[in-house]
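Structure first, commentary second.
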Amino acid sequence: MKVGFIGLGNVGGKLSGSLLRNGIDLSVHDLNDELVSDFVARGAQGGESPAQLMRDCDAVITCLPSPAASDAVMAQMLPEIRPGKIWMEMSTTDEAEVKRLGAMVIERGGAAVDCPVSGGCHRAATGNISIFAGCDRATFERIAPFLKTMGRRILHTGELGSASVLKVITNYLATANLVTCCEALVTAKAAGMDLNTTYEAIAISSGTSFVHETESQVILNGSRDISFTMDLVKKDIGLFQDVADRAGVPLEVNPLLIDIIDDGIARFGARELSPNIIKRLEKATGLDIRAAGFPAEMADDEPEEPGYEVMPKGVTATR
């Protein structure tokens, strides 16, 4: 099968790189011509437009920064969708929006999948990231080889839209983890604790998390570079709030997180790196939350491995 990939940014560039590295017949498109040229130099084909990719490819993957961007790309691709075509939405997007766009694809005889990723850019680069996939089982079986090339742990979440719900839930948890890690590190420093020792104490305790083991390191380094910005955090927790509102859940923590991120954006700018939300507390206390020995960027130290399907507890592999 021939695959098209639209959106070669921080995450999309790494996911599509895994496809190319593993011999997939790949065409790419992005508004940034330099990113396309780099892929062409490595053996991909350059796509002229989203419409041309959908016309010429069996499956087209989109990995874009916002639901509005996905909508604009779909408007170009839709006339080219025919029976047998597959649209794979790897952007973090709204459940209702992916269902709306997916319905138009299905009406024209195509198949639609929402398949966002989780695990950080460093794992996307090595093909070891986790991928959720929302679609019917037959479509999942068709796209599983591509998912297992881009990621390691693949979870079929149910029907179209289910993966997007789970993605914004996990991003909400990551945001809550980030804010609490920031508060913990600043409080430790203010209480006279050594920050290197503090990091290890959290890492080996019940208080640890994926966020602590990654983002706390770049916070302590001072680079704060996790390849994710405050405007994207605001989008993600806003999407989570939408899910909760539609379900009638009276959230308490997420509205506070939204206020904190809004304040960070007002102070430092929408494109500020998201771990720099700690600067609010650094400025309030006059403390510098840095320590020696931590990396400026996270790198995946696990070798690339073939992907596999994760089966939920209580569900058999023959479903």
Side-chain angles (χ1 to χ4, degrees), residues 1-5 7-8 10-26 28 44 57-63 86-93 95 98 102 111-174 177 208-214 226-227 298-319:
M1 290 177 69
K2 184 175 178 59
V3 178
F5 203 107
L8 305 176
N10 284 332
V11 176
K14 295 174 176 62
L15 295 171
S16 51
S18 289
L19 293 172
L20 186 62
R21 183 173 65 252
N22 286 283
I24 301 299
D25 186 356
L26 184 69
V28 297
C57 297
D58 301 293
V60 175
I61 300 168
T62 50
C63 190
I86 305 172
W87 170 54
M88 299 168 59
E89 172 64 291
M90 300 196 80
S91 318
T92 300
T93 190
E95 170 203 13
V98 78
V113 188
D114 58 325
C115 44
V117 301
S118 185
C121 284
H122 61 299
R123 288 188 176 173
T126 58
N128 286 330
I129 203 162
S130 297
I131 306 178
F132 304 154
C135 58
D136 63 85
R137 188 67 194 182
T139 298
F140 178 81
E141 297 290 352
R142 290 175 65 195
I143 64 167
F146 303 128
L147 299 181
K148 292 175 182 178
T149 298
M150 291 184 284
R152 180 187 294 186
R153 299 170 183 88
I154 315 302
L155 179 65
H156 181 212
T157 58
E159 294 302 312
L160 180 68
S162 59
S164 293
V165 172
L166 291 171
K167 169 61 174 177
V168 298
I169 287 173
T170 61
N171 277 20
Y172 156 70
L173 291 170
N177 274 208
T208 196
S209 66
F210 176 84
V211 171
H212 173 65
E213 293 169 10
T214 55
I226 206 70
S227 298
M298 294 309 302
D300 187 9
D301 58 3
E302 297 182 9
E304 184 172 5
E305 294 184 1
Y308 60 89
E309 183 179 359
V310 174
M311 302 305 298
K313 293 184 186 302
V315 178
T316 66
T318 57
R319 69 174 184 179

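All values below were derived from every heavy atom in this structure, side-chain atoms included, with hydrogens, water molecules and symmetry-related copies excluded. This structure is a prediction, so every number in the text was calculated from the model and none was measured.
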Check: S164/D114 side-chain N/O donor and acceptor closer than 3.5 Å: yes

Short side-chain donor-acceptor distance under 3.5 Å, S18 and R21: yes

Minimum-distance pair of heavy atoms, taken over all atoms of C115 and I131: O-CG2, 3.7 Å

With S227 via side chain to side chain donor-acceptor pair (under 3.5 Å) - residues at least two apart: none

Separation of E141 CD from H156 NE2 (nearest 0.5 Å): 8.5 Å

Heavy-atom pair of closest approach, residues C57 and V3: SG-C, 3.8 Å

Which residues share a side-chain contact (heavy atoms from CB on, under 4.5 Å) with E159, sequence neighbours left out: D136

Sub-4.5 Å side-chain heavy-atom contact between L8 and V28: yes

Full working for side-chain contact (heavy atoms from CB on, under 4.5 Å) between F146 and I24: CA-CA 8 Å; F146 303 128; I24 301 299; 4.1 Å; yes

Heavy-atom closest contact (T157 atom, S162 atom, distance): OG1-OG, 2.7 Å

Whether T139 side chain and A111 backbone form a donor-acceptor pair below 3.5 Å: no

Gap between atom CZ of R153 and atom CD of E305 - 0.5 Å precision: 8.0 Å

Ionic contact status for E309 with K148, cut-off 4.0 Å: no

Side chain proximity check, W87 to T62, heavy atoms < 4.5 angstrom: yes

D58/K2 salt bridge by N-O under 4.0 Å criterion: no

Non-hydrogen side-chain atoms of V211 and L173 separated by less than 4.5 Å: no

Show which side-chain atoms of residues 117-126 pair as donor or acceptor with protein atoms under 3.5 Å away, not counting sequence neighbours.
| unit_1 | atom_1 | unit_2 | atom_2 | d |
| --- | --- | --- | --- | --- |
| T126 | OG1 | R123 | O | 3.2 |
| T126 | OG1 | N128 | ND2 | 3.3 |
| T126 | OG1 | D300 | OD2 | 2.5 |

Side-chain touch E89/V113, heavy atoms, less than 4.5 angstrom: no

Set of residues satisfying side chain to side chain donor-acceptor pair (under 3.5 Å) with respect to S130, sequence neighbours excluded: none

Derivation and outcome, side-chain contact (heavy atoms from CB on, under 4.5 Å), residues I129 and L15: CA-CA 9 Å; I129 203 162; L15 295 171; 4.1 Å; yes

Under the side-chain contact (heavy atoms from CB on, under 4.5 Å) test, residues paired with A59 that sit two or more places apart: M1, I86, M88

Residues F5, L20; criterion side-chain contact (heavy atoms from CB on, under 4.5 Å); working and verdict: CA-CA 11 Å; F5 203 107; L20 186 62; over 6 Å; no

Contacts of E213 that satisfy salt bridge (charged side-chain N to carboxylate O under 4.0 Å, His left out) - sequence neighbours left out: none

Note, L160 side chain near C135 side chain (heavy atom, < 4.5 Å): no

From F132 atom CZ to I154 atom CD1, the distance as rounded to the nearest 0.5 Å: 10.5 Å

Whether H212 side chain and N177 backbone form a donor-acceptor pair below 3.5 Å: no

Nearest heavy atoms of G102 and A112, plus distance in Å: CA-CB, 3.7 Å

side-chain contact (heavy atoms from CB on, under 4.5 Å) evaluation trace for E302 with R152: CA-CA 11 Å; E302 297 182 9; R152 180 187 294 186; 2.9 Å; yes

Pair N10, K14: side-chain N/O donor-acceptor within cut-off below 3.5 Å: no

